[in-house]
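Please read these numbers as outputs of a predicted model, since none were measured by experiment.
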Amino acid sequence: MRRAARARAGRSAFRDRVAASDPGLLRLTAGLRTVGSLALTLGVVGVFGASVEQLVAGAMAAMVATFAVREKDRRGQALSLAAGLPAAWLALTLGTLLSGTFVGTVVFVVLIFGAVYCRRFGDRGFALGMIGFQSYFLSQFLGVGTAGLPGLYWPVGAGFACSALIRFGVVQAGPEQVLGRLRAAFRARFAQLVSAQIELLDAGPDQVDKALDQLRGRTARLHETAMMIQGRLTEGTPDDRAASLVQRRIADAEIAAERLGLLILTARMTERAGAPARADTLTLHLPGAALPESGLQPVRDRAAEALHRDLRALRTLVLRSADEHRGTGLAQLRNRLLGYRDDDKLPDRASAAVRDVFRGIGEAARAVLGLRIALGGSADDSDDSPETARSREEIEAEDAAIAVAETDEDERDEERTGLDRPTTRTAVQVTVGSVLAIAGGELLSQERWYWAVLACWIVFVNTSSTGEILVKAYRRLLGTMLGVVAGIVLAGLVGQRVPLAFALVLVLVFLTHYLARLSYTLMSFFVTAMLGLLYTLLNTYSLDVLVLRLGETALGAACGLAAAVLVLPVRTAHRTDELLVTVLERLADVTGSAVRQLSGGPSADLLDQARELDEALGDLRSSTQPLTHPITPLRNRRDTARYVVAQLETCAYHARSLAATAELLPSQTAIAADPRLAGAGERILRNIDTVAAHVEGRKDAGELETGASIASLLEPGSGARARYGQVTYRVLGHLGRLDDAVTGLARPLEVPLRPRGRQAA
């Protein structure tokens, strides 16, 4: 019995680790789909005695049909596959018939422009463009000539058919299934974050930096999973109301988890300093930031043992799915944790900061309960304590008050015209770069010039600035260099053993797609190693061929970078400034709406606004990667970019917290609108607008207002709570920290501060 229990626990722990490392199993699904499609295609085509060229054609068609189609609903995927097959045949035909001619080169250039330009039409446009380009590339790679062209149609068709069979019949991943896996990943990452918080609680001076870095990483991964869930809610839930409920509960759980980490940081600082202190929220978001000397020692409060026990209990509660919440033991555990929401249930012997940690545990337990209810878990309340019953009633009242607001789709790209539209600009850049790559590639090799075009094409995928293209080109070149070495080794080991070569190809294909989202360098490495095996199968392998591929890749990357720099360039600084302004606008929207609602104004769809803020911040974080990359020589700009992004993440956290609190107003009697908040919100909004004006370089940009901190209203002791009883103590705290974070953007962005003597009355 014990052995079976340990085995079940081990399997459960393994599933949790896998779910946390690959949210929704999206990477695993992509890898299995591609390998399954490839293996099935090779089996089907091989049964009919196909040649090696036909096997390769079918395999590559199956691969492109699998990874190019990325729509979320099955109907859209089916339509893209159905339209993609004729596009593949057409491109393959043109590439073969026109190979080696000037007209063929012109057609390839036109195809490249169209393949990039049609991305403006969404996922289907992306799929058709990618299929068309890769099919034309396949015709150049195989070089079978017009005589062998008819024999390629049926393997390509078989590749598409096998891809569809695997996608819809074997490795299914419908929206509901993906959402369910993402929810499991959220639980696993939540539990991992609690584990990191426990380690931070105990970490000594030598381990505190490592524990803090782990806390930051797991907080970021929890947020990443929350964003992925919100992106799947519409397709994976039965209706808009259910989607809104899950979105609200996911946001509550994320905020509760992040706040618990901040309370533990505060407990460490207060414990050692011997005086009230607050952890700087920036410490949780800025890479490399360290705790002050007062927070280096672990917490040694009299209630520390109970604190550890309850953090472990919270982790257990988080890991259990909705159907696993039955049982008296778990009910008692849940009741105890939820009891900490009442002051009279807190440990008497604990310090004030540690008592706040217990309150945070209670709020996190409440968030877990709310998420379970929103996901349709068991409503068994027979073992509820009075505190749990009250929490359940509050959650049900909040759910009943949620109204779904219809919002228009963001059509910013459609508002732009001509060369100002990103898809058009990128299409022109890729076309110019490809022309250069064709010319230079033919100088290196009249037979393998297409490798340069492929490298130029790929460095533009999912990039939006010159800096991003430079980093991607560097990663592709590095991966290709290492892959050439691996290809030489594998080709020597395999020789002409075709079954072994195809088996290794399957392994490399899986690794390529499984690791693509984690590391572009690794993806390039496995692709190049796989090509070494394909050349072996085609009897065209030689050391010179792989070295030539490296040269063509370097040339193509250089041509792409040159086109990005010389043709309609989008400088990294300009791109980041543009995205920074967008983040500030979204921050102002969320903050303004939340403050208006908290001060008695009209309601707004705050959760959607908060999600737009998070998406904008994610775009900014990606665009600053060239500035924060380890190889950048601009150390000051790197530090500035990291600091600004960390400050904005702090702003986003407090804005999300304000939005979540404001949405409680219709259902919570403990939270009432307070008109006095409007004034505090006005100063914050003016400062956000001032920062945005300076980033845009507007002539009417003014100075940041400073003065009495909003947080100064939070006088120590219970008097502050009584004085501001209409609005919770926590709301004023978030406003104060948001005000501090916005003001903190002044120095790195060189925004002038208004002297105290000139402050408005």
Side-chain angles (χ1 to χ4, degrees), residues 23-24 26 70-72 119-120 122-123 126 175 178-179 182 185-186 189 219-237 240 243-244 246-255 258 285 404-416 422-423 462-465 468 517 575-594 604-625 628 641 644-660 663 688 692 695 738 741:
L26 298 179
R70 58 184 191 181
E71 288 166 291
K72 296 176 182 177
R119 293 179 186 176
R120 63 174 295 212
D123 288 338
F126 174 89
V178 172
L179 183 59
L182 284 171
F186 186 84
R189 287 193 164 180
T219 301
R221 286 193 288 271
L222 182 69
H223 179 65
E224 172 195 20
T225 309
M227 292 296 295
M228 294 172 71
I229 290 174
Q230 292 181 21
R232 300 273 179 167
L233 283 175
T234 303
E235 297 86 3
T237 49
D240 288 341
S244 184
V246 175
Q247 181 184 11
R248 169 59 190 272
R249 295 308 167 200
I250 289 290
D252 283 349
E254 182 191 356
I255 291 170
E258 191 166 358
H285 299 121
V404 178
E406 295 292 334
T407 56
D408 294 330
E409 292 290 331
D410 188 358
E411 301 291 346
R412 292 184 190 86
D413 189 62
E414 295 300 325
E415 293 173 0
R416 301 181 181 184
T423 48
N462 296 325
T463 55
S464 53
S465 70
E468 291 180 55
R517 299 188 185 187
R575 174 65 176 167
T576 54
D577 286 349
E578 187 179 68
L579 292 173
L580 176 55
V581 171
T582 301
V583 172
L584 292 169
E585 290 173 350
R586 300 292 173 271
L587 177 63
D589 291 342
V590 177
T591 304
S593 297
D605 195 347
L606 294 172
L607 289 181
D608 276 350
Q609 290 182 358
R611 181 186 173 194
E612 290 175 0
L613 169 62
D614 287 332
E615 290 174 346
L617 187 54
D619 292 339
L620 176 64
R621 193 183 301 109
S622 298
S623 73
T624 58
Q625 286 184 357
T628 59
V644 169
V645 171
Q647 284 282 21
L648 290 171
E649 287 177 341
T650 291
C651 292
Y653 163 69
H654 293 293
R656 286 196 303 269
S657 300
L658 287 172
E663 289 219 336
I688 294 174
V695 174
L738 179 58

Stepwise side chain to side chain contact (heavy atoms under 4.5 Å, CB included) check, Q247 with I229:
CA-CA 8 Å; Q247 181 184 11; I229 290 174; over 6 Å; no
With rounding to the nearest 0.5 Å, note down the distance linking CG in L579 to CG in L648.
11.5 Å
State, with a plain yes or no, whether a side-chain heavy atom of L26 is found less than 4.5 Å away from one of V178.
yes
Kindly write out the residues that satisfy salt bridge (Lys or Arg N to Asp or Glu O under 4.0 Å) with R119, not counting sequence neighbours, or none if the list is empty.
none
Could you give me the CA-CA distance, side-chain angles and deciding distance for E224 and R221, then say whether salt bridge (Lys or Arg N to Asp or Glu O under 4.0 Å) is met?
CA-CA 5 Å; E224 172 195 20; R221 286 193 288 271; over 6 Å; no
What verdict does the side chain to side chain contact (heavy atoms under 4.5 Å, CB included) test give for L587 and L738, after you've listed the backbone C-alpha separation in whole Å, the side-chain angles of each residue and the deciding distance to 0.1 Å?
CA-CA 10 Å; L587 177 63; L738 179 58; 4.3 Å; yes
With S623 via side chain to side chain donor-acceptor pair (under 3.5 Å) - residues at least two apart
none
Starting at CZ of R189, measure out to CG of L182 and round the result to the nearest 0.5 Å.
9.5 Å
Check step by step if side chain to side chain contact (heavy atoms under 4.5 Å, CB included) holds for L620 and L580.
CA-CA 6 Å; L620 176 64; L580 176 55; 4.2 Å; yes
Of all heavy-atom pairs linking E71 and D123, the shortest is CG-CB, 3.4 Å
Residues that F186 engages under ring-ring contact (aromatic ring centres under 6.0 Å, His included), provided they are two or more places apart:
none
Sorted by chain and number, sequence neighbours left out, side chain to side chain donor-acceptor pair (under 3.5 Å) with E585 holds for none
Scanning both residues in full, the closest heavy-atom pair of Q609 with S593 reads OE1-OG, 3.0 Å
Contacts of type side-chain contact (heavy atoms from CB on, under 4.5 Å), residue A220, not counting sequence neighbours
none
Starting from the C-alpha separation in whole Å, work towards a yes-or-no answer on side chain to side chain contact (heavy atoms under 4.5 Å, CB included) for V644 and T576.
CA-CA 11 Å; V644 169; T576 54; over 6 Å; no
What are the two closest non-hydrogen atoms of D252 and A660, and how far apart are they?
OD1-CB, 3.9 Å
With sequence neighbours excluded, tell me which residues meet side chain to side chain donor-acceptor pair (under 3.5 Å) with D614.
R656
For A741 and T650, which heavy atoms make the closest approach, and how far apart are they?
CB-CG2, 4.0 Å
Mind checking side-chain contact (heavy atoms from CB on, under 4.5 Å) for T219 and listing every partner two or more places apart, or none if nothing turns up?
L193, L215, E258, L284
The criterion is side-chain contact (heavy atoms from CB on, under 4.5 Å); which residues satisfy it with A659, sequence neighbours excluded?
V590, L606
The criterion is side-chain contact (heavy atoms from CB on, under 4.5 Å); which residues satisfy it with A646, sequence neighbours excluded?
L282, H285, L286
Pairing residues for E615 by the side chain to side chain donor-acceptor pair (under 3.5 Å) criterion, not counting sequence neighbours
R611
